[in-house]
Amino acid sequence: EVQLAESGGGSVETGGSLRLSCVASGPGLIFDDYGPGWFRQAPGKEREGIACINPKDGSTYYRDSVRGRFTISRDNAKNTVFLQMDSLKPEETAVYYCAGECLLGTVVRGTENLFGTWGQGTQVTVST
């Protein structure tokens, strides 16, 4: 079973930057074929997909609210997907997760299993 582990969260001021990492591991994992995506869940809100990357051709896809400020990338040699976040806003305070399947939309509560493995999440706090 694939396991995912996020890191890189923290506290920044408005306009600051953070770089998140999601490392995949597990027996039989072929990371070149694996396309984990980034999600976030703010307090009291549903989880939402924010960035995806196609493992085959590297195409990237973003939620409108983060396009132009966030960049998803991957390093296959390190089994890692990154999320560079620039110009952060206070309303982006949330727990950020990576999951085995990617979707640029809202994750309906109770359907999280459709996205395969989830990491434990990493907290991002943006202060004014």
Side-chain angles (χ1 to χ4, degrees):
E1 180 179 340
V2 175
Q3 294 184 325
L4 299 173
E6 304 94 336
S7 62
S11 297
V12 296
E13 294 183 345
T14 298
S17 298
L18 285 171
R19 189 190 195 208
L20 307 183
S21 299
C22 170
V23 179
S25 62
L29 172 67
I30 302 175
F31 191 74
D32 289 15
D33 298 334
Y34 193 59
W38 284 100
F39 297 74
R40 66 187 177 190
Q41 187 165 18
K45 295 188 177 181
E46 291 186 307
R47 197 167 298 185
E48 60 182 17
I50 56 174
C52 304
I53 183 166
N54 187 311
K56 299 298 185 182
D57 62 13
S59 298
T60 56
Y61 308 89
Y62 299 95
R63 192 176 186 88
D64 286 347
S65 60
V66 307
R67 187 178 297 112
R69 298 184 297 114
F70 289 13
T71 303
I72 186 172
S73 61
R74 58 189 290 141
D75 184 338
N76 288 348
K78 297 181 178 179
N79 288 2
T80 302
V81 174
F82 301 99
L83 185 67
Q84 175 68 39
M85 306 187 296
D86 299 318
S87 302
L88 282 160
K89 305 174 182 180
E91 56 266 35
E92 295 180 308
T93 292
V95 178
Y96 284 70
Y97 299 90
C98 58
E101 300 290 336
C102 196
L103 172 73
L104 293 181
T106 300
V107 178
V108 176
R109 201 178 305 274
T111 67
E112 292 85 353
N113 61 305
L114 298 179
F115 295 86
T117 299
W118 290 87
Q120 80 288 353
T122 186
Q123 176 70 46
V124 172
T125 302
V126 186
S127 60
T128 55

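Values reported hereafter were calculated over all heavy atoms of this structure, with side chains retained and with hydrogens, waters and symmetry mates removed.
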Heavy atoms of G37 and C102 approach each other most closely as CA-SG, 3.5 Å
Once rounded to the nearest 0.5 Å, what's the spacing between atom CG of L88 and atom OG1 of T14?
8.5 Å
Heavy-atom check, side chain of S17 versus side chain of D86, under 4.5 Å
yes
How many angstroms lie between atom CZ of R63 and atom OG1 of T106, to the nearest 0.5 angstrom?
5.0 Å
Within the structure provided, determine whether L103 and L114 are in side-chain contact (heavy-atom separation under 4.5 Å).
no
Verify the cluster assignment for L20 and V107: are they in a single hydrophobic cluster under the rule of side-chain heavy atoms below 4.5 Å apart?
no
If you round to the nearest 0.5 Å, how far is CG of L4 from OG1 of T117?
5.5 Å
For the CD atom on Q123, are there more than 12 heavy atoms of other groups (residues, nucleotides or ligands in this structure) within a distance under 6.0 Å?
yes
Looking at T80 and S21, what are the two nearest heavy atoms and their distance?
CG2-CB, 4.1 Å
Near E13 CD, under 6.0 Å, is it more than 12 heavy atoms from other residues, nucleotides or ligands?
no
So, the side chain of S87 versus the backbone of G15: is there a donor-acceptor pair under 3.5 Å, distance only?
no
What is the distance from atom CH2 of W38 to atom CD1 of I53, rounded to the nearest 0.5 Å?
12.0 Å
A cation-pi test, strictly: NZ or CZ of R74 under 6.0 Å from the centre of the six-membered ring of Y34 and no more than 45 degrees from its axis. Yes or no?
no
Separation between CZ of F39 and CD of E101, rounded to the nearest 0.5 Å
8.5 Å
Check: Y97 and Q41 side chains under 4.5 Å, non-hydrogen atoms:
yes
Looking at K56 and D33, is any side-chain nitrogen of the basic one under 4.0 Å from a carboxylate oxygen of the acidic one?
yes
Does the side chain of L104 come within less than 4.5 Å of C52's, by heavy atoms?
yes
State the CD1-OG distance between I50 and S65, to the nearest 0.5 angstrom.
7.5 Å
Within-4.5 Å side-chain heavy-atom neighbours: V126 and K89
no
Could you tell me whether a side-chain N or O of E6 sits under 3.5 Å from a main-chain N or O of C22, the two making a donor and an acceptor?
no
Single hit among R47, E48, M85 for side-chain contact (heavy atoms from CB on, under 4.5 Å) with R40
E48
Might you point out which heavy atoms bring I72 and P36 nearest each other, and give the distance in Å?
CD1-O, 4.5 Å
Qualifying ring pair (Phe, Tyr, Trp, His ring centres under 6.0 Å) pairs with a residue from residues 46-87, counting only residues at least two apart or across chains:
none
Locate the shortest heavy-atom distance separating A24 from V2; write the atom from each residue and the value.
CB-CG1, 4.4 Å
Distance-only, no hydrogens or angles: does the E92 side chain make a donor-acceptor pair with backbone N or O of P90 under 3.5 Å?
no
